[in-house]
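Comments concern the structure below.
The structure displayed is predicted, hence computed values, not measured ones.
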Amino acid sequence: MASSKIVIYQIFTRLYGNRNTTRKEYGTIEENGCGKLNDLTPVVLKGLVEMGVTHVWYTGIIRHATQTDYSAYGIPKNHPAIVKGRAGSPYAITDYYDVDPDLAEDVDRRMEEFELLVERSHKAGLKVIIDFVPNHVARQYHSLCKPDGVKDLGEGDNPQLGFDPQNNFYYCPGERFTPYFDLWHDEPEPYLEEPAKATGNDCFHNAPGTNDWYETVKLNYGVDYYAGRVGHFTPIPDTWSKMTDILLFWAKKGVDGFRCDMAEMVPAEFWQWATDKVKYAYPDKVFIGEVYNPAEYRRYLAAGFDYLYDKVGMYDTLRDVICCHQSAHAITGAWQATDDIRDHMLYFLENHDEQRIASSFFAGDGRKGVPGLVVSALLQQNPLMIYAGQEYGERGMDKEGFSGHDGRTTIFDYWSIDTLVRAANRKLTAEEKALKAIYNKVVGIARSERAVADGSSFDLMYVNAHLQHQYAFLRKAGAEVLLVVANFSEMPVDISVNIPGHAFDYLGLKEKNAQATDLLTGEKMSLQLKRDEAVSVGIAAQDAVVLKFKA
């Protein structure tokens with residue numbers, strides 16, 4: 001491979017290896033089964049490498065709140081009133097120093113099983129990313145596995161103060177936790193919390209609603225929200241030290257990077273302090289931030305993040321173009337908005353928070369996402385992320401339990417993913433196999449072509465106003481040039497793509513008759529390259545061409 005292009009493959013670990021097809025709504029782990037760390041075998045990992053994946057994001061590794069009872073293993077039972085779904089959300093952490101017992105074949109050896117997965121992943125040539133959830137924890141957070149000498153979150157807090165810079169939580173002094181839902185949940189005793197702690201989605205009163213992140217409590221990084229978000233960062237807040245120690249703990253385990261959940265809800269000052277300490281000890285560790293506010297992008301990059309989600313820009317734009325809600329010209333504006341930080345933006349079409357491309361809520365067919373995949377993968381040098389099942393056209397249209405019929409794959413329930421089960425059993429349809437082959441081709445091009453990894457990019461849309469459902473651009477490195485045209489239309493097209501004189505000057509192209517090869521199909525064709533003139537290109541419906549030729 002000639003490329004340094006990063007391709008992240010997100011695996012929701014609880015679901016990925018589960019081959020149980022019972023799929024009972026609100027089913028227990030005994031009924032519906034659960035994927036294990038050991039399901040990620042050397043053969044599975046080799047397949048990801050062959051696809052072109054460089055990093056695997058194992059989602060849901062750290063122990064979180066669940067309705068499954070592990071008290072026989074010394075793990076406290078969680079009150080079901082404050083757990084979303086039977087399995088629980090992996091973003092309601094109950095012990096930052098522990099591995100989720102659902103994922104272990106032998107619960108008592110769960111950390112060892114994770115360490116072996118890291119070792120297997122590295123041996124396969126993959127880097128490992130896990131979640132770091134810094135903004136909030138489960139309401140019943142209590143660490144059993146913290147190292148000797150480490151104080152637990154909340155230990156030493158003064159709960160009589162709504163805010164104190166050295167408290168780990170925010171409190172509602174004198175008020176009991178009284179949310180707008182049943183606190184009994186068929187248990188003999190209700191869930192009690194007094195004084196109430198503030199809820200994770202910046203809900204600073206004692207009565208969160210059902211749409212709040214009521215199963216979590218907000219961590220205090222020294223920002224006084226009661227006084228209008230005033231920061232108190234000197235002396236260093238206690239939470240800063242505790243959370244940085246958690247990052248260092250997992251870095252020492254061999255984890256290569258952290259996908260930081262809701263990073264913008266935590267002050268950038270903390271990130272600068274923490275990433276500096278982690279990267280001083282482990283210079284190659286990668287930080288990926290879930291930041292949705294474009295106005296904050298540059299501040300969080302300056303604070304130590306390597307990559308940020310490009311959600312409200314490129315993802316939302318590509319989704320609209322795929323669904324014919326915007327012209328393909330909108331893609332130009334999406335990349336231009338972050339052009340100065342383009343190498344730091346993570347492109348994706350799916351992840352656990354978003355609806356599946358093939359769901360009825362998005363495009364209804366995974367094949368319709370192909371032009372968006374081509375643009376995401378080939379437009380810039382920046383990283384690409386794929387969510388497990390996306391490459392087969394997984395629909396996510398199940399009603400799993402707490403996660404309703406919403407076009408997303410559940411993060412709250414015990415379940416199995418239809419396409420992944422059938423892929424493992426070699427029972428994919430011809431259409432699913434064809435889609436997977438396209439993903440392999442596109443990712444392979446992104447990883448192997450120097451023009452993508454290291455080359456310049458030139459957007460052709462400003463001289464192609466007639467293209468409304470097609471997006472065209474050039475990539476070039478050395479003498480190698482790619483002309484990429486993605487067709488978002490449901491119809492095949494024969495189009496003329498203008499190539500301006502400026503592209504010839506900027507990229508150092510020569511006027512010539514070039515012999516081009518479509519890297520997606522292997523077909524060869526002749527291109528007559530002249531300044532300010534058009535080349536003719538035929539493209540199938542919802543497809544693309546990647547024409548490679550010599551400059």
In plain terms, say whether [X] and [Y] are close enough for a salt bridge, that is, a side-chain N and a carboxylate O under 4.0 Å apart.
X    : Y    : answer
D106 : R110 : no
D306 : K279 : yes
D316 : K311 : yes
E193 : R176 : no

Q.
With salt bridge (charged side-chain N to carboxylate O under 4.0 Å, His left out) as the rule and sequence neighbours excluded, what pairs involving residues 11-38 come up?
A.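 Every salt bridge (charged side-chain N to carboxylate O under 4.0 Å, His left out) pair that includes a residue of residues 11-38, provided the two are not neighbours, is K24-E31, E25-K399.
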
So salt bridge (charged side-chain N to carboxylate O under 4.0 Å, His left out) across residues 210-219, not counting sequence neighbours, yields K84-E215, D202-K218

Any side-chain donor near an acceptor of the partner, [X] and [Y], under 3.5 Å:
X    : Y    : value
Q390 : Y439 : yes
Q10  : H352 : yes
E394 : T419 : yes

Requested in this report: With F258 as reference, evaluate F305, F287, Y307 under the ring pair (Phe, Tyr, Trp, His ring centres under 6.0 Å) test and give the passing residue.
Outcome: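 Answer to the ring pair (Phe, Tyr, Trp, His ring centres under 6.0 Å) test with F258 among F305, F287, Y307: F287.
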
With a 3.5 Å distance limit and no angle check, can you tell me whether N135 reaches the backbone of A263 through a side-chain donor-acceptor pair?
no

Using the six-membered ring of W250, assess whether NZ or CZ of K252 lies under 6.0 Å from its centre and within 45 degrees of the ring axis.
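No cation-pi geometry.
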
Exactly one of N18, D102, L40, D100 clears side chain to side chain contact (heavy atoms under 4.5 Å, CB included) with T13, and that residue is L40

Note to self: Testing L349, V7, L346 one by one against M385 for a side chain to side chain contact (heavy atoms under 4.5 Å, CB included), which residue passes?
What the structure shows: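 Output: one option passes, namely L346.
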
Side chain to side chain contact (heavy atoms under 4.5 Å, CB included) filter on L144, not counting sequence neighbours, yields R63, I75, P76, D95, H142

A quick test of your reading: do over 12 heavy atoms of other residues, nucleotides or ligands sit less than 6.0 Å from CG of D186? no

| request: Flag yes if more than 12 heavy atoms outside F181 fall under 6.0 Å of its CZ atom; otherwise flag no. | output: yes

